[in-house]
Amino acid sequence: MTPEELSQAVLSAVRASVEAGELSVGVPERVTIERPKNREHGDYATNAALQLAKAAKKPPREVAQIIAGRLAQVGGIASVDIAGPGFLNITVDTASAGELARSIVEAGEAYGRGESLAKLKINLEFVSANPTGPIHIGGVRWAAVGDSLARILKAAGADVSTEYYINDAGVQIDKFGGSLMAAANGRPIPEDGYVGEYINDIAREIVAQHAGLLELPDEEQKKVFTSTGLRLMVAEIQRSMEEFGTHFDVWFSEKSLHDSGAVDEAIERLRGQNHVYTDGGAIWLRTTDFGDDKDRVLIKGDGETTYFASDAAYYLNKRDRGNEVCVYMLGADHHGYVGRLKAIAACAGDDPEHNIEVLIGQFVKMVREGQEVRMSKRAGNIITIDDVVEWIGVDAARYSLARSSTDSTITLDIDVLTSATNENPVYYVQYAHTRMCGVERKAKELGIERGEFKPELLATEWESNLLGMLGEFPRIVAKAAELREPHHVARYLEELAGVYHRFYDNCRIMPLGDEPATDLTYARMWLADAARIVVANGLGLLGVSAPERM
RNA sequence: GCCCCCGUAGCUCAGCGGACAGAGCAGGCGCCUUCUAAGCGCUUGGUCGCAGGUUCGAUUCCUGCCGGGGGCGCCA
């Protein structure tokens, strides 16, 4: 019996009580079913009676009494107790609880998927760092979180596309090209230019690709350095992302918005909505109509469009491509953009509460030997994605970045994540998976096939706890998708791993010595296999490997 | 001055309206001729920053303060 089925049973009991005239309330659409922290409170608990008491004009315990009477009749429910102020504590039949293992094994990779976001076309834009240097640590956080979120949203049934916005227009790119040219010619890097070994590397590569380049006039050189540098840098970013297990469906060029006239078109569309005005020679969008703290310039007095104008065009482009929800993931230093991005949507006639979501990720710090690490070999004053991967590996990086809420600033301790591996929760979870695989190997070695499943044999507290945790997985995935918070999946896996380890240590699965396999052997094999599937599916949602051996 | 995030066990962090506040790690004491001990059991450890408010009920929601981090351009 799953939490979902239980929830339906409670609703049916409420409905029946209302129909019988014992309760006069509207039947709620859903009730909360939770696993109590304390085992003495049954397998599941609901506060439904507490919630309904006021409307029913009866004391909570009396409402509980009424619901409990009907609920106890439901097949699969062993008992219903009323506790505290009016909680219903529900105990499920052992056999009914054990059936879950069978359905998980049968569902396999599909277990945990749902339809809570079915038919929602959602676009995730993340990282989107300027292609003027390697991805830095903040971008790595979004690579881990954004990619995991994409996987989770897909699991919840959404139609997801992931996207990287390449800022390939504007003065930063110009400075990048200038810096490359300076480096290649042995001249000092211009003021506000880009420095670091990577600039020299790329400059060398460009010179190697273009014979005689340095003999050309500066103006022509710079064009080559800019365009080729951009291409090489984007290629490197794409390589880093793929190596990090992060895939983008679309690499969107800002320049293409200008070249195609989309920026001008966007301004005209916003003008048509009557939110555009001219002042001091500049053209403005009246974002203050929708909560922004000041209006924003679209076209400067000198006729140049602003970055903000590109943002507006880009948003409209995403919507034109059929995306119902556009999610932006930005660093904490860009939190000021939330208001203006939402205002763009509102000015365009969209619902800023629905069509656009902006997630803000706080900073990431790395420490080694108690000291903050700031330096990178390749990029001088920043830590790059390749540094992170080199120091702690993809699995540990993805997991440790995705296991915390993006609202928290996090500190990654390189020493912890490398030498003392058991201090890192990812290994705790992965180790649980290898133990599960170890059981399968042992079974194969002993020539034991999984026999008929008798779910009622899974009767110990460890088996019951494990079944309970496994049953939570679909709700955790749905919650993580709904809240756009992948870290719930990681936390769940850590808890599940703990419950599994305890089951493993207390419930021998394979026969010892010459003992024959029994029905209990088979039942536990089903359970262990179900647990393996859930851990593998969960790690898959985080883009972290589920190793068979460690 | 205004805006955003954080403040929970020694450390890193969960908990986002419910029952005595949790995990991992760290500290202490135990457990491997048996499916990997990267594990398990027991144990030490907390005025949930402070003060009010809303609620039957607040770590959770609201307000104010105090700490810490980050932002507020006709920059990109």
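Keep in mind that what you see is a predicted model, and the values were worked out from it rather than measured. Chain letters run A, B, ... following the sequence lines, proteins first, then strands; residues in each count from 1.
- Taking the six-membered ring for Trp, A:Y314 and A:F252 have ring centres closer than 6.0 Å.
- Residue contacts for A:Q172: at a heavy-atom cut-off of 4.0 Å it reaches the sugar-phosphate backbone alone, with no base atom in range.
- Out of B:rC72, B:rU34, B:rG39, the shortest distance to the side chain of A:L512 is found at B:rU34.
- Across B:rG70, B:rC5, B:rA37, the shortest atom-to-atom separation from the side chain of A:Q362 is found for B:rC5.
- Using a 4.0 Å heavy-atom criterion, one finds that A:K442 contacts the sugar-phosphate atoms exclusively.
- Using a 3.5 Å distance cut-off with no hydrogens or angles, the side chains of A:E125 and A:Y315 do not pair a donor with an acceptor.
- Spacing between B:rA19 and B:rC11 at atom P, rounded to whole Å, works out to 26 Å.
- Panel note: side chain A:R340, backbone A:T287; no donor-acceptor pair is recorded below 3.5 Å.
- Judged by atom type and distance alone, A:H335 does not reach the base of B:rG71 through any side-chain donor-acceptor pair under 3.5 Å.
- Within 4.0 Å of A:E548, counting heavy atoms only, lies at least one base atom of the nucleic acid.
- Within 4.0 Å of A:D279, counting heavy atoms only, lies at least one base atom of the nucleic acid.
- A cation-pi arrangement is found for A:K318 relative to A:Y328, the charged atom lying closer than 6.0 Å to the ring centre and inside a 45° cone about the ring normal.
- Within 4.0 Å (heavy atoms only), A:I360 reaches no atom of the nucleic acid at all.
- Counting non-hydrogen atoms under 4.0 angstrom, A:A332 reaches the backbone sugars and phosphates but no base.
- Atom CD in A:E372 sits roughly 12 Å away from atom P in B:rG69 (whole-Å rounding).
- Note on A:K54: only backbone sugar-phosphate atoms sit closer than 4.0 angstrom, heavy atoms only; bases stay farther off.
- Within the 4.0 angstrom heavy-atom criterion, base atoms lie near A:N89.
- Rounded to whole angstrom, the span from the CD atom of A:E495 across to the C1' atom of B:rG24 amounts to 12 Å.
- Note on A:D293 versus A:R296: salt bridge recorded, some NZ/NE/NH1/NH2 to OD/OE distance being below 4.0 Å.
- Comparing B:rG28 with B:rU44, their C1' atoms are spaced 7 Å from each other, to the whole Å.
- Look at B:rC32: its glycosidic torsion is within 90° of 0, and that puts it in the syn range.
- Taking the side chain of A:D407 as heavy atoms from C-beta on, and the options B:rC5, B:rG18, B:rU36, the nearest nucleotide is B:rC5.
- In this structure, the aromatic ring of A:H41 is positioned over the six-membered ring of the base of B:rA19, centres within 5.5 Å and planes within 30°.
- When distances are taken from the side chain of A:R502 to each of B:rG41, B:rA19, B:rG39, the shortest belongs to B:rG41.
- Closest approach to the A:H501 side chain among B:rC3, B:rA37, B:rC40 is made by B:rC40 (side chain taken as heavy atoms from C-beta onward).
- Nucleic acid contact for A:C507: base, since at least one base atom lies under 4.0 Å from a heavy atom of the residue.
- Once the 5.5 Å centre distance and the 30° plane angle are applied, the aromatic ring of A:F87 is found stacked with the base of B:rA19.
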Could you list, one pair per line, each protein nitrogen or oxygen that sits under 3.5 Å from a nitrogen or oxygen of nucleotides 11-16 of chain B, together with the distance?
| unit_1 | atom_1 | unit_2 | atom_2 | d |
| --- | --- | --- | --- | --- |
| B:rC13 | OP1 | A:T409 | O | 3.2 |
| B:rC13 | OP1 | A:T411 | N | 3.3 |
| B:rC13 | O2' | A:R491 | NH1 | 2.9 |
| B:rC13 | O2' | A:R491 | NH2 | 2.1 |
| B:rA14 | OP1 | A:S405 | N | 2.8 |
| B:rA14 | OP1 | A:S408 | OG | 3.2 |
| B:rG15 | OP1 | A:H487 | NE2 | 3.0 |

Reading 5' to 3' and counting Watson-Crick or G-U wobble pairs with both distances under 3.5 Å, write the dot-bracket notation for RNA chain B, | for bases paired outside the strand. ((((((((.[[[[.)..(...]]]].(((((.......))))).....[[[[[..)....]]]]])))))))....
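- Regarding contacts with the backbone of B:rC72, every side-chain N or O of A:R340 stays at 4.0 angstrom or more from both OP1 and OP2.
- The distance from atom OH of A:Y504 to atom C1' of B:rC31 is 15 Å, rounded to the nearest whole Å.
- If you check distances only, the side chain of A:N47 does reach the base of B:rG18 with a donor-acceptor pair under 3.5 Å.
- Of the possible donor and acceptor atoms, none in the side chain of A:S408 sits under 3.5 Å from a partner among the backbone N and O of A:I410.
- Within the 3.5 Å criterion, the main-chain N or O of A:L298 finds a donor-acceptor partner in the side chain of A:T306.
- Rounded to a whole angstrom, the distance from the P atom of B:rC42 to that of B:rC35 is 23 Å.
- For A:S545 and A:D395, the side-chain atoms include at least one donor-acceptor pair closer than 3.5 Å.
- Within the 6.0 Å centre-distance limit, the rings of A:Y431 and A:H501 are counted as a close aromatic pair.
- Base engagement by A:G280 is indicated by at least one non-hydrogen atom pair under 4.0 Å involving a base atom.
- Where A:D293 and A:A432 meet RNA chain B, the nucleotide closest to each residue was compared, and A:A432 sits on the side nearer the 5' end.
- Here A:G170 lies in heavy-atom contact (under 4.0 Å) with sugar-phosphate atoms only.
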Report the C-alpha separation of A:R35 and A:E472 in whole Å, then their side-chain angles, then the decisive distance to 0.1 Å, and conclude whether the salt bridge (Lys or Arg N to Asp or Glu O under 4.0 Å) test is met. CA-CA 8 Å; A:R35 297 278 302 172; A:E472 291 301 292; 5.0 Å; no
Verify salt bridge (Lys or Arg N to Asp or Glu O under 4.0 Å) between A:K479 and A:E482, making sure each step is shown before the conclusion. CA-CA 5 Å; A:K479 179 183 174 191; A:E482 171 74 31; over 6 Å; no
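- Residue A:R441 has its side chain nearest to B:rU36 when only B:rU36, B:rC40, B:rC74 are considered.
- Nearest to the side chain of A:Y431, among B:rC74, B:rU36, B:rA19, sits B:rU36.
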